[in-house]
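Letters go in sequence order (proteins before strands), and every chain restarts at 1.
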Protein chains: 2
Amino acid sequence: MADVIYMKVLQDLKHRIYSNEFPDKKLPDERSLSESYGVSRSSIKRALNILAAQGIIFKKRGSGTFVNPLYLKNQPIFHNEGSNLGVTDSYQIDGQAPSIKLLNFQVVPANEDLQQALFLSPGDFVYQIERLRILEDVPFMIETGFIPIKIIPELSLGDVEGSIFNYVEEKKKNAVTKSFMSVMAAPSTANDQALLALKPTEPVGIMEGIFFLDDGTPFEVSTMRLNYKYMRYNAFVSLDSE
Amino acid sequence: MADVIYMKVLQDLKHRIYSNEFPDKKLPDERSLSESYGVSRSSIKRALNILAAQGIIFKKRGSGTFVNPLYLKNQPIFHNEGSNLGVTDSYQIDGQAPSIKLLNFQVVPANEDLQQALFLSPGDFVYQIERLRILEDVPFMIETGFIPIKIIPELSLGDVEGSIFNYVEEKKKNAVTKSFMSVMAAPSTANDQALLALKPTEPVGIMEGIFFLDDGTPFEVSTMRLNYKYMRYNAFVSLDSE
DNA sequence: AAGTGGTCTAGACCACTTC
DNA sequence: AAGTGGTCTAGACCACTTC
């Protein structure tokens with residue numbers, strides 16, 4: 001992926017944006033970027049379109065391309081940087097991935113909700129995986145995931161202490177690239193408070209999702225409970241492509 | 001929008017998919033589509049990429065393009081009913097729009113953040129509009145919005161007691177069709193608790209956004225603080241188009 | 001070997017904004 | 001008039017899958 005031109009341009013531009021290289025929030029025009037990077041304008045546009053879809057920049061025809069001030073105002077936490085949608089890739093900070101503390105790992109029968117979400121039959125089993133995610137020594141997320149055992153029957157204790165999405169990508173050559181997400185807020189439970197070092201008045205952010213493999217197979221149902229300070233979900237919404 | 005080639009192709013393909021014209025779930029290859037539609041392969045790819053981003057199809061290099069069976073089976077989780085992205089259209093319940101209680105309406109100078117977000121110059125003014133949104137007698141959202149006065153200099157007290165986005169659509173023939181949203185959670189303030197009938201341990205969900213008119217003009221910066229029970233932000237995420 | 005999607009180019013023309 | 005992003009073309013070559 002890194003050998004692809006538009007990805008190189010994208011990474012470089014993102015770095016320059018975060019380095020505040022454009023204090024007036026205006027990027028060079030596409031034709032200048034094309035020349036300075038030595039690539040076609042199409043490749044520049046492709047990189048810019050992705051940055052726009054990620055909410056980092058926006059474009060105004062006739063005027064130029066601008067850094068989204070909302071995006072830089074606070075530190076964005078959840079950003080889809082990697083080759084898949086997993087927590088490990090999305091919560092990188094300065095290239096450092098969050099570490100994992102395994103809380104629970106077992107195989108259970110899929111209940112009705114899980115059967116429907118993961119296209120399973122009665123009697124099918126799923127892994128239940130509960131993990132605490134830690135970023136720079138701060139536990140910030142409790143993650144409970146359910147994965148059909150038939151998709152990765154060989155999953156071991158060691159595997160679930162690392163990135164499962166990366167594991168699947170490497171071993172199965174099938175990345176998790178799509179998801180339906182629901183983002184919510186809720187009061188913290190006693191368990192949340194203990195694990196995430198929250199006061200009783202401090203809430204959790206909740207991200208619930210169904211994750212799909214690239215071929216459309218539902219891979220995991222996951223509920224993530226976050227220290228509210230670490231949840232900032234950015235999205236670009238457009239009615240154009242309806 | 002309908003005069004754009006890739007949109008025409010997109011609409012037509014979507015219609016053909018829903019008409020079950022591809023019972024084997026396989027679409028013609030891109031070069032054939034290019035020929036049969038009489039457009040370039042790039043335009044075909046553009047339409048297909050959008051359909052893939054919407055979760056309707058998926059592509060497999062070397063194999064072809066396929067209808068996503070999951071999509072036809074499952075009802076889409078998130079559906080935007082209205083013609084714009086405003087609260088009035090998005091929070092309809094059984095066709096009933098939320099009502100509005102105006103808390104504050106004044107004209108103030110745009111601070112630096114607003115100048116940057118709304119393309120304003122020092123000395124430009126914005127409306128500051130604070131409103132309480134009420135659904136079936138329950139106040140659920142405190143909304144603070146900032147809109148440049150030069151976009152709608154004639155805005156009156158009566159107008160801000162209704163849907164501003166619908167007003168702009170009717171009067172200016174320019175709909176709010178794009179936005180960058182940030183979704184967060186936070187402890188409730190005393191003000192939140194009073195207006196939204198929350199206990200001190202109950203949080204708010206926060207949706208912060210810049211809303212754009214169809215031509216890309218930033219129209220409003222808005223911060224919405226919601227009773228957490230009423231915030232559920234749904235999104236379909238895909239790395240395909242990125 | 002043939003088929004199919006992915007990436008990329010160089011350039012044309014259009015639509016809108018700014019000067 | 002000049003600048004800037006949007007759309008589109010025709011074609012080249014690459015990577016992966018299927019036969």
**Prompt:** Excluding sequence neighbours, so at least two apart, what forms salt bridge (charged side-chain N to carboxylate O under 4.0 Å, His left out) with A:Arg41?
**Reply:**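 With sequence neighbours excluded, A:Arg41 shows a salt bridge (charged side-chain N to carboxylate O under 4.0 Å, His left out) to A:Glu30, given in chain and number order.
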Given atom [atom1] of [X] and atom [atom2] of [N], what is their separation to the nearest angstrom?
X: B:Glu30; N: C:dT7; atom1: CD; atom2: P; answer: 11 Å
X: B:Leu33; N: D:dT9; atom1: CG; atom2: P; answer: 13 Å
X: B:Phe66; N: C:dG5; atom1: CZ; atom2: P; answer: 8 Å
X: A:Ile5; N: C:dG6; atom1: CD1; atom2: P; answer: 17 Å
X: A:Glu35; N: C:dA10; atom1: CD; atom2: C1'; answer: 14 Å
X: A:Leu10; N: C:dG6; atom1: CG; atom2: P; answer: 18 Å
X: B:Ile44; N: C:dT4; atom1: CD1; atom2: C1'; answer: 14 Å
X: A:Leu48; N: D:dT4; atom1: CG; atom2: P; answer: 13 Å

Can you check whether [X] has a side-chain N or O nearer than 4.0 Å to OP1 or OP2 of [N]?
X: B:Lys45; N: C:dG6; result: yes
X: A:Ser43; N: C:dT7; result: no
X: A:Tyr6; N: C:dT7; result: yes

Under 3.5 Å, which N/O atoms of the protein pair with N/O atoms of nucleotides 11-16 of chain C?
residue : atom : partner : partner atom : Å
C:dA15  : O4'  : A:Arg61 : NH1          : 2.6

**Request:** Identify which one of B:Ile152, B:Val160, B:Asp159 satisfies the side-chain contact (heavy atoms from CB on, under 4.5 Å) criterion when paired with B:Ser156.
**Result:**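 Of all the options given, the one that passes is B:Asp159.
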**Request:** Could you check B:Val108, B:Ile149, B:Ile151, B:Ile147 and say which one makes a side-chain contact (heavy atoms from CB on, under 4.5 Å) with B:Val126?
**Result:**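 Exactly one pass, corresponding to B:Val108.
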**Asked** Under 30°, 30 to 60°, or over 60°: which ring-plane class applies to B:Phe165 and B:Phe219, parallel, tilted or perpendicular?
**Response**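 B:Phe165 and B:Phe219: perpendicular rings.
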**Prompt:** Mind checking whether B:Tyr127 and B:Phe105 have parallel, tilted or perpendicular rings, split at 30° and 60°?
**Reply:**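 Geometry flag for B:Phe105 against B:Tyr127: parallel rings.
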**Item:** Under 3.5 Å: donor-acceptor pair, side chain of B:Ser36, backbone of B:Ser32
**Value:**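 It does hold such a pair.
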**Message:** Are there runs of at least three consecutive Watson-Crick or G-U pairs touching DNA chain D, with each pair's two distances under 3.5 angstrom? Give them by first number.
**Reply:**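 Stems for DNA chain D, defined as runs of 3 or more consecutive pairs: C:1-18 with D:1-18.
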**Prompt:** Mapping B:Leu27 and A:Val39 to their closest nucleotides on DNA chain C, which lands nearer the 5' end?
**Reply:**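 Looking at the nearest nucleotide for each, B:Leu27 comes out on the 5' side.
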**Request:** Give a yes/no verdict on a cation-pi contact between A:Lys26 and A:Phe66, requiring under 6.0 Å between NZ or CZ and the six-membered ring centre and an angle within 45° of the axis.
**Result:**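 Flagged: A:Lys26 positioned over aromatic ring of A:Phe66.
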**Item:** Other residues, nucleotides, ligands: >12 heavy atoms within 6.0 Å of A:Glu35 CD
**Value:**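 Not buried by this count: 12 neighbours or fewer within 6.0 Å.
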**Request:** Would you sort out whether B:Val221 and B:Asp113 count as a side-chain contact (heavy atoms from CB on, under 4.5 Å), showing the intermediate values?
**Result:** CA-CA 10 Å; B:Val221 168; B:Asp113 282 351; over 6 Å; no
